[in-house]
Amino acid sequence: MPELTMVEALNRALDEAMEHDPDVLLMGEDIGVNGGVFRVTKDLQAKYGVNRVRDTPLAEAGIVGTGVGMAIAGLKPVVEIQFSGFTMQAFDQIEQNMARYHHRSRGRYPISMVLRTPYGGGIHAVEHHSESREAYWAHTPGLKVVVPSGPRNARGLLAAAIDDPDPVIFYEPKAVYRAFREEVPDTPERIPLGTAEIVRDGRDITLISYGAMMRPTREAADDLAELHGIDPEVVDLRSISPMDTDTLAASVARTGRCVIVHEGPRNCGVAAEIIARLNEEVFEYLVAPIKRITGDDIHFPYFQTEEHYLPDPDTIIEAVRETVAFDG
Amino acid sequence: MPELTMVEALNRALDEAMEHDPDVLLMGEDIGVNGGVFRVTKDLQAKYGVNRVRDTPLAEAGIVGTGVGMAIAGLKPVVEIQFSGFTMQAFDQIEQNMARYHHRSRGRYPISMVLRTPYGGGIHAVEHHSESREAYWAHTPGLKVVVPSGPRNARGLLAAAIDDPDPVIFYEPKAVYRAFREEVPDTPERIPLGTAEIVRDGRDITLISYGAMMRPTREAADDLAELHGIDPEVVDLRSISPMDTDTLAASVARTGRCVIVHEGPRNCGVAAEIIARLNEEVFEYLVAPIKRITGDDIHFPYFQTEEHYLPDPDTIIEAVRETVAFDG
Amino acid sequence: MTHRTMDSVRSSKGKNRRTPRSADEDANAARRTIATPGVEDLRILAADGSVDRDLDPHLDDDELLRIHRAMVLTRVFDQRMLTMQRQGQMGTFAPGAGQEATQIGQVYPLTERDWFSPSYRSFGAQIWRGWEMERLMLLWDGFFEGFAPPPGVRDLPFSIVIGSHVLPAVGVAMGMQYREEDSVMVTNFGDGALSQGVVAEGLNFAAVNQAPIVFVCENNGWAISTRVEQQCHVDPLALRGVGFGVPSIRVDGNDVLAMIVATREAIERARHGGGPTFIEAVTYRMGVHTTADDPKVYRTDDEVEAWEDRCPLRRFGIYLLGRNVTDQAGLERIQQECEAEVLAARDRFRSRAHAKPREAFDFVFADMPDELARQRQAYLEKLDRKGVE
Amino acid sequence: MTHRTMDSVRSSKGKNRRTPRSADEDANAARRTIATPGVEDLRILAADGSVDRDLDPHLDDDELLRIHRAMVLTRVFDQRMLTMQRQGQMGTFAPGAGQEATQIGQVYPLTERDWFSPSYRSFGAQIWRGWEMERLMLLWDGFFEGFAPPPGVRDLPFSIVIGSHVLPAVGVAMGMQYREEDSVMVTNFGDGALSQGVVAEGLNFAAVNQAPIVFVCENNGWAISTRVEQQCHVDPLALRGVGFGVPSIRVDGNDVLAMIVATREAIERARHGGGPTFIEAVTYRMGVHTTADDPKVYRTDDEVEAWEDRCPLRRFGIYLLGRNVTDQAGLERIQQECEAEVLAARDRFRSRAHAKPREAFDFVFADMPDELARQRQAYLEKLDRKGVE
Ligand SMILES: Cc1ncc(C[n+]2csc(CCOP(=O)(O)OP(=O)(O)O)c2C)c(N)n1
Ligand SMILES: Cc1ncc(C[n+]2csc(CCOP(=O)(O)OP(=O)(O)O)c2C)c(N)n1
Ligand SMILES: [Mg+2]
Ligand SMILES: [Mg+2]
């Protein structure tokens with residue numbers, strides 16, 4: 001099993017899908033000879049040709065909209081939006097077409113299509129290059145929303161997303177792209193959409209996060225166990241929509257306490273949805289209010305100060321300690 | 001005090017604002033000689049001329065984007081998007097420019113601008129004409145989001161929105177447009193943004209809703225009191241963002257129970273946010289899980305069946321009775 | 001079959017790169033005007049029904065009658081829908097009187113393997129393509145059933161969102177190209193749609209990919225209450241296509257022969273690797289925008305009357321009589337047959353017009369997630385409680 | 001001051017309505033080509049520095065030296081930023097070498113009451129407009145402080161999102177029109193931006209409103225790794241403007257005199273009610289797209305070298321020498337002065353480069369809601385705990 005970065009693992013998943021199915025094709029800005037600005041599609045145009053790895057004009061609605069048409073024609077487009085901030089440019093095509101042609105045609109034209117895009121902060125980028133707005137897509141009927149947290153699950157989730165008969169928004173945590181390497185099995189692997197993973201067993205509290213925020217969350221969990229005598233269970237959501245409510249609820253039913261971590265804005269964000277579901281499912285097990293450690297409801301700051309915006313282990317630790325100390 | 005429909009009350013608010021401030025101008029599709037497809041801007045072009053009531057090309061991004069420019073130039077544009085489904089077309093201009101130029105320019109160019117748009121179901125409209133996606137805007141930093149529920153508060157809230165120095169998304173419940181008349185004071189009135197209203201005092205449970213869903217919610221409340229011996233408090237949110245958390249929390253602290261009603265999709269919707277806040281603020285007062293009666297996470301159905309999609313009094317009553325019966 | 005892979009267009013590093021980028025890059029200083037491609041203009045049947053024999057496509061009598069019948073059926077369907085709507089038996093409807101020649105002309109040259117992606121005022125073309133009239137009635141009256149494209153018909157469901165369907169249409173054309181199928185896409189939209197950014201992106205994607213697609217812009221003078229002159233500062237609108245490098249033509253949209261000839265040429269060019277075409281069809285919306293609209297507020301009767309003389313049906317009728325394809329009685333018989341057909345369709349519609357609220361969750365996903373299945377369960381239980389089937 | 005209210009354009013019911021909509025609506029059947037407006041093409045200084053005397057705007061020597069100095073300063077700033085970036089003292093930066101004439105030429109004719117809304121590769125024009133170099137350094141290095149337009153400068157902050165700023169720029173121009181101020185907006189963007197739907201909408205809104213705006217499309221041949229031929233299927237790009245009814249001109253963007261003349265004419269026309277202009281400035285990005293880019297992957301050295309001969313600074317230098325405006329020593333002095341200026345700016349930048357995390361909540365709203373004030377409070381407490389100022 002080779003050790004790959006997330007970029008390499010994603011590249012591997014794309015390569016495997018294209019190798020296996022001639023209907024899979026890629027479209028996006030600068031994904032061809034340039035291999036994408038983050039090199040996720042590196043060497044694929046050389047291998048599969050300009051028809052299967054297509055550089056597009058600089059128009060995100062155009063990319064998504066023509067991708068939808070490709071899917072209607074029975075192909076399996078995987079489109080790249082260079083940064084998730086520019087999915088706003090394609091919002092209408094995503095909400096009105098990608099999410100709907102299957103329904104609008106009463107099943108005649110399923111849209112088996114993946115929209116990949118790097119999201120989130122942490123790489124000192126300019127305005128509009130650090131947003132985390134997965135909640136927009138989770139709020140949009142007809143879409144599935146996936147966020148990997150490491151090389152191995154990135155590869156397995158992307159493979160499953162490409163296989164899926166429905167449109168999938170695939171948010172790639174760019175802060176993780178080259179942050180670490182992980183062993184990735186030689187043979188293709190699929191991680192079913194809609195399944196969360198318990199990455200650390202624990203008794204005292206459930207920490208829920210996903211994507212790039214898994215790293216500070218796990219770091220906080222380790223510190224809590226080592227330094228504060230608190231034994232957290234840690235869940236990697238992986239799939240935002242559908243959400244694996246059962247796994248979350250079972251964990252919180254055991255621990256009675258919960259802290260949720262994400263970097264997107266708080267208001268109507270994913271943490272709110274998780275709280276609402278836990279309130280519905282395991283109200284009687286909850287012994288303390290669930291806390292949210294999220295991005296604030298402000299524009300992502302210019303990058304000299306982004307570290308203070310992003311959730312960090314200390315803030316998570318403090319929230320956990322408060323939650324554990326709570327006695328209502 | 002004349003009795004006005006919501007359409008007339010909105011027209012009145014626009015007229016008063018234009019009368020009072022020459023910098024207020026209107027832009028939108030068919031708002032001029034046609035008075036808008038719902039006639040909210042009726043007669044205003046005749047009164048204020050084609051420069052202040054401007055028919056635009058059929059391009060929502062264009063309307064919002066040039067509106068932002070007008071605001072940068074120091075004017076106070078009130079733009080109309082013909083149906084809220086078409087705000088998707090302007091998503092990029094709203095998120096990237098309307099919500100941000102004030103911040104991007106470090107205060108140099110405040111965007112005092114209102115985007116009015118009819119939202120929601122209930123009028124047997126075609127696809128894309130019945131959406132309720134206020135949660136998108138609540139999740140977007142830099143925007144204020146307002147939803148009136150009747151003629152009088154529509155007029156008072158729109159006046160306050162136009163006065164506000166920040167960009168406001170003003171969602172008009174089209175099902176209420178001509179549904180009933182209400183007395184509206186002769187002199188201008190302003191309802192501060194960010195304030196909820198307790199429209200019915202009660203002891204047993206707090207019902208929270210807004211916009212068109214206030215009607216089934218209030219109907220349910222009356223039935224509950226009359227037929228089921230349950231005395232609900234009813235809160236009209238009015239302002240989705242900022243949200244009057246204090247009023248909500250105080251009410252739920254008194255009643256211990258809560259049901260939230262809205263017609264937009266459930267996942268990451270406004271009800272989730274309210275639950276998250278109540279969990280944070282009044283966890284120890286809650287004696288039952290908070291229930292959400294919302295639109296399901298599906299596309300708004302073709303109109304022959306929309307009545308079954310929309311929350312109705314019976315469903316609310318049942319949720320309330322279950323919540324009151326809950327004993328954890 | 002033509003080989004239409006795009007290697008030459010999307011070549012990689014350096015290849016095919018003209019340096020300098022314009023022929024005259026290093027020429028001397030000068031101020032001059034660069035000639036630009038013109039816009040073609042086509043009319044075959046004059047307003048009085050007289051024909052330009054050189055331009056006449058000389059279709060068979062049978063074909064001419066089929067075309068006429070299709071236009072009449074469109075008109076009769078239109079009138080029936082308006083009646084039903086007034087009687088409270090139909091949802092809000094967007095009629096198409098005056099645009100029948102544009103409608104039929106643009107789909108007439110398509111084959112079964114070709115595609116059609118219409119905007120919402122396209123029932124004439126949809127009927128021609130094989131959408132049963134009762135299905136269109138179900139659609140306009142808000143029943144799920146109406147939205148499914150009929151089996152075997154390679155059409156996209158119509159788009160309500162102005163301009164939104166154009167990019168998917170281009171994508172389908174690119175898909176045909178990718179699959180090396182020689183199928184062509186025709187998509188239509190109004191003069192208002194031309195203002196939408198996504199339509200511009202569609203023109204550009206089609207041009208850059210030389211996709212096999214024909215854009216038909218039905219310039220009917222109005223977008224609800226907005227005149228085309230308030231919408232666009234360019235005349236002919238066809239010039240818009242030229243700005244994207246798409247060969248463009250303005251056609252008299254009330255002349256069905258001209259529409260057929262222009263569309264046929266465009267389709268054949270696209271089919272053989274010649275890329276997209278932009279057709280401006282100049283026509284007029286004779287009636288209301290939709291049944292929720294009152295045009296008296298924004299336009300004069302004079303204007304509408306001036307267009308009555310240009311009625312596409314009348315004009316084509318004169319041509320048919322002039323060519324002795326049929327006689328007055330023949331024309332009347334067609335009219336009556338169409339009326340009977342539409343009434344029969346109405347009856348089938350009525351017999352099928354049952355709301356099916358239990359289908360609300362169908363087709364949101366091909367693979368429905370558990371959590372949605374749970375919502376569906378609760379929804380169905382609600383229907384049970386309400387006693388709704 | 002010109003009266004530019006739009007009553008004639010946006011007239012109400014029926015007025016000014018041409019019926020039929022095109023002059024030849026009722027003409028006979030025919031197939032013909034409609035002539036379309038051409039695109040102008042302008043170069044004043046040939047690549048070898050020789051000038052077309054008739055076209056030369058005959059600027060004063062002082063002005064010519066100011067222009068040259070501005071271009072040199074732009075180049076020197078560019079080089080310094082690249083050096084700082086390599087040394088880890090600057091964020092990702094988008095250099096502009098090769099585009100100095102385009103940059104300076106497009107803002108030179110603007111007055112203080114005019115507006116400028118640039119894309120991100122516009123520091124040359126921004127410096128000319130009054131943005132202190134240290135402010136631009138703060139901006140590129142991610143400090144809040146860098147984003148505020150300097151007092152008195154009627155500029156919009158630059159836009160990172162391609163094409164996104166164009167509609168607001170049109171709106172500002174419409175606002176000037178509304179206020180009957182005779183101020184003009186210049187906005188720029190790249191060849192890549194031309195593919196964005198919002199840019200199309202901007203051209204259309206400007207045309208329909210006859211707004212006082214000049215669109216400068218800096219066609220530098222590339223959008224990151226995408227060649228302009230993959231981006232657009234039209235040449236000259238200026239034809240795009242024609243499709244929207246906007247008078248359009250292609251200019252040699254490496255000829256600062258041509259840029260000045262074209263922009264000045266456009267600005268003056270806009271100022272006097274003549275509406276928008278679209279300028280395609282043909283130029284070349286000599287360097288990396290940004291400091292995160294490696295152009296060797298997608299383009300050949302040959303191509304770049306071919307453009308070195310067309311360097312706008314060198315070309316203008318030859319012109320200055322030829323007109324005896326200065327001598328070689330004078331040119332060198334300007335170079336040295338610019339270098340000193342940029343180093344001084346760098347020192348001021350360094351002295352001001354303090355991260356101010358406490359400002360993160362500033363200006364999100366003009367009137368901050370209580371709930372956000374509470375978030376801010378918690379955030380400030382976090383900073384306190386971390387010991388961050
Ligand atoms: C994106 C969008 N904006 C607004 C509307 C509302 N609307 C429906 S039809 C119409 C006018 C369309 O005009 P045009 O494109 O010329 O088509 P026509 O109705 O003349 O056939 C408008 C504004 C819409 N459906 N979609
Ligand atoms: C809407 C949007 N999509 C993608 C990007 C990423 N991106 C930044 S610069 C660039 C290329 C821009 O090319 P062009 O418009 O020609 O300007 P140039 O860089 O040549 O000055 C791209 C794709 C972006 N900033 N905004
Ligand atoms: Mg029209
Ligand atoms: Mg470029």
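We name chains A, B, ... by the order of the sequence lines, and we start the count at 1 in each one.
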| remark: Checking D:F147, D:F158, D:F349 against D:W140 for ring-ring contact (aromatic ring centres under 6.0 Å, His included), the one that qualifies is D:F158

| request: For chain B, find which of D:S117, D:A206, D:P369, D:A200 contributes the most heavy-atom pairs closer than 4.5 angstrom. | output: D:P369

Ignoring hydrogens and geometry beyond distance, is a side-chain donor-acceptor pair present between [X] and [Y] at under 3.5 Å?
X      : Y      : result
D:S195 : D:Q231 : yes
D:S164 : B:D92  : no
D:T277 : D:R269 : yes
D:S119 : D:N188 : yes
B:R108 : B:Y101 : no

| Taking the six-membered ring for Trp, are the ring centroids of D:F363 and B:H102 within less than 6.0 Å of each other? | yes

Select one option (side chain, backbone, both, neither) describing which atoms of [X] are under 4.5 Å from chain B's heavy atoms.
X      : value
D:I160 : neither
D:D155 : backbone
D:V364 : both
D:V199 : neither

So which part of [X] gets closer than 4.5 Å to some heavy atom of chain D, the side chain, the backbone, both or neither?
X      : answer
B:P22  : backbone
B:D246 : side chain
B:M98  : neither

Give the member of [options] that has the highest number of heavy-atom pairs under 4.5 Å with chain D.
options                      : answer
B:A46, B:A59, B:G62, B:P110  : B:G62
B:D244, B:V68, B:L143        : B:L143
B:R100, B:H103, B:M27        : B:H103
B:G142, B:G32, B:P165, B:G67 : B:G142

| said: Would B:R116 and B:L26 count as a side-chain contact (heavy atoms from CB on, under 4.5 Å) here? Give the steps. | reply: CA-CA 10 Å; B:R116 294 180 36 245; B:L26 314 185; over 6 Å; no

